[in-house]
Amino acid sequence: YANGTSVAMTAPSTYGNYKFAGWDTNGDLQPETANATITKTVNNNAYAIALYVPGPSTNADLSNLVASAGALSPMFASGTFSYSIAVANGVATTTVTPTTADATATVKVNGGAVTSGSPSIPISLSVGLNSIPVVVTAADTVTTRTYTIDITRAGITPPTVATNAAGGITASGATLNGTVSSNGASTAVSFEYGPTTGYGSSVTAAQSPLGSGASGAAVSAAIGGLA
């Protein structure tokens with residue numbers, strides 16, 4: 001350009017992961033104007049420097065991930081995005097605690113916002129497969145990572161029961177006896193009885209209900225009016 005010519009200059013809004021901060025027009029490396037486009041008159045001393053500063057972080061990684069339901073498999077690694085946990089039927093909820101690698105990133109667990117390093121609200125677990133997404137969004141609001149925890153909750157195992165010989169037998173009554181293992185779930189216990197294999201009568205055991213941890217528990221019920 002010839003001296004005296006007016007030249008319009010426009011700086012790109014970004015340069016790599018840097019964002020435009022302004023034009024330095026006097027050599028102090030400070031922005032004198034934040035306008036992307038400036039006009040300079042060409043002469044021997046005219047110049048302008050476009051200044052750029054680091055833009056928002058693009059780091060959407062996690063540095064840690066923990067579920068209260070159990071240990072992740074495989075062990076957590078920032079570059080591994082899929083995990084699994086198998087739990088007993090008695091585990092009905094879990095919380096998930098994600099920690100972002102960059103403090104400026106945000107994170108959601110199962111669709112709800114969570115503070116980095118803090119547990120989510122309890123998440124209900126259905127029997128079978130439960131997929132829980134953990135979505136991290138970098139400070140640039142564009143870059144995302146999705147980690148997934150698949151938790152498989154076991155079904156209920158039926159109680160194990162055994163009917164034992166009746167005791168205290170009289171002309172009109174008896175005590176019915178048995179043992180029960182509840183196999184991980186609270187168990188109501190009753191005896192059916194009658195003059196034929198069709199039974200026809202039922203009585204609740206004195207020890208009912210049994211707790212989920214009962215194993216080989218003795219149960220009994222007194223019946224009368226048989227004569």
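Not measured: the values here are computed from a predicted model.
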With distance as the sole test, does [X] use its side chain to make a donor-acceptor pair with the main-chain N or O of [Y] at under 3.5 Å?
{"X": "Gln207", "Y": "Ser220", "value": "yes"}
{"X": "Ser212", "Y": "Ala185", "value": "no"}
{"X": "Asn130", "Y": "Gly128", "value": "yes"}
{"X": "Glu192", "Y": "Ser201", "value": "no"}
{"X": "Thr115", "Y": "Ser118", "value": "no"}
{"X": "Ser181", "Y": "Gly216", "value": "yes"}

Any side-chain heavy-atom pair of [X] and [Y] under 4.5 Å:
{"X": "Thr41", "Y": "Ser6", "answer": "yes"}
{"X": "Val91", "Y": "Thr94", "answer": "no"}
{"X": "Tyr193", "Y": "Leu226", "answer": "yes"}
{"X": "Ile49", "Y": "Leu29", "answer": "yes"}
{"X": "Ile132", "Y": "Ile123", "answer": "yes"}
{"X": "Met9", "Y": "Trp23", "answer": "yes"}
{"X": "Ser186", "Y": "Leu210", "answer": "no"}
{"X": "Thr25", "Y": "Glu32", "answer": "yes"}

Looking at every non-hydrogen atom in both residues, tell me the closest pair between [X] and [Y] and how far apart they are.
{"X": "Ala138", "Y": "Ser57", "value": "CB-O, 3.4 Å"}
{"X": "Arg153", "Y": "Ser126", "value": "CB-O, 3.3 Å"}
{"X": "Gly211", "Y": "Ser182", "value": "O-OG, 2.7 Å"}
{"X": "Ala21", "Y": "Pro31", "value": "O-CB, 3.7 Å"}
{"X": "Ser208", "Y": "Val189", "value": "OG-N, 2.9 Å"}
{"X": "Thr146", "Y": "Pro133", "value": "CG2-CB, 4.5 Å"}

Next item on the list: Can you label the angle between the Phe81 ring and the Tyr147 ring as parallel, tilted or perpendicular, going by 30° and 60°?
Entry: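 Phe81 vs Tyr147 ring planes: tilted.
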Check: Can you name the one residue among Val96, Val135, Val136 that meets side chain to side chain contact (heavy atoms under 4.5 Å, CB included) with Val107?
Finding: Val136
Nearest 0.5 Å please: distance from the [atom1] atom of [X] over to the [atom2] atom of [Y].
{"X": "Asp28", "Y": "Asn26", "atom1": "CG", "atom2": "CG", "answer": "4.0 Å"}
{"X": "Thr33", "Y": "Asp24", "atom1": "OG1", "atom2": "CG", "answer": "11.5 Å"}
{"X": "Leu176", "Y": "Ser190", "atom1": "CG", "atom2": "OG", "answer": "10.5 Å"}
{"X": "Asn110", "Y": "Thr95", "atom1": "CG", "atom2": "OG1", "answer": "12.0 Å"}

Item checked: Verdict with supporting geometry, Asp150 and Ser131, side chain to side chain donor-acceptor pair (under 3.5 Å) -> CA-CA 4 Å; Asp150 288 333; Ser131 291; 2.5 Å; yes
Margin query: Is there a continuous path of hydrophobic side-chain contacts, each under 4.5 Å between heavy atoms, that joins Val161 to Ile223?
Written below: yes
Margin query: Quick check on the hydrophobic clustering: are Tyr15 and Phe20 connected, directly or via other members, by side-chain heavy-atom contacts under 4.5 Å?
Written below: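 Linked, Tyr15 and Phe20 end up in one cluster.
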Notebook entry, point to check: Any chance the side chains of Asn89 and Thr157 put a donor and an acceptor closer than 3.5 Å?
Noted result: no
Next item on the list: Show the numbers, then the answer: is there a side chain to side chain donor-acceptor pair (under 3.5 Å) between Asn164 and Thr179?
Entry: CA-CA 7 Å; Asn164 298 334; Thr179 58; 4.6 Å; no
Item checked: Test side chain to side chain contact (heavy atoms under 4.5 Å, CB included) applied to Val142 and Asp140, step by step -> CA-CA 5 Å; Val142 175; Asp140 68 355; 4.0 Å; yes
Margin query: Could you walk me through whether Thr143 and Thr137 satisfy the side chain to side chain contact (heavy atoms under 4.5 Å, CB included) test, starting with their C-alpha distance in whole Å, then the side-chain angles of each, then the deciding distance to 0.1 Å, before giving a yes or no?
Written below: CA-CA 6 Å; Thr143 307; Thr137 302; over 6 Å; no
Margin query: Is there a side chain to side chain contact (heavy atoms under 4.5 Å, CB included) between Val87 and Thr152? Walk through the geometry before answering.
Written below: CA-CA 6 Å; Val87 299; Thr152 302; over 6 Å; no
Note to self: Checking Tyr199 now: which residues fulfil ring pair (Phe, Tyr, Trp, His ring centres under 6.0 Å) with it, not counting sequence neighbours?
What the structure shows: none
Atom pairs and distances, side-chain donor-acceptor, residues 60-67, under 3.5 Å, sequence neighbours left out:
unit_1	atom_1	unit_2	atom_2	d
Asp61	OD1	Arg145	NE	3.2
Ser63	OG	Thr99	O	3.3

Next item on the list: Could you tell me whether Leu129 atom CG has more than 12 heavy atoms of other residues or ligands within 6.0 Å of it?
Entry: yes
Note to self: With a sphere of 6.0 Å drawn around NZ of Lys108, does it hold more than 12 non-hydrogen atoms of other residues, nucleotides or ligands?
What the structure shows: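 It does not: Lys108 NZ has 12 such atoms or fewer within range.
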Next item on the list: Kindly determine whether Asp102 and Thr104 satisfy side chain to side chain donor-acceptor pair (under 3.5 Å), including the steps that lead there.
Entry: CA-CA 5 Å; Asp102 188 293; Thr104 61; 2.4 Å; yes
Item checked: Test side chain to side chain contact (heavy atoms under 4.5 Å, CB included) applied to Asn177 and Val219, step by step -> CA-CA 6 Å; Asn177 298 298; Val219 293; over 6 Å; no
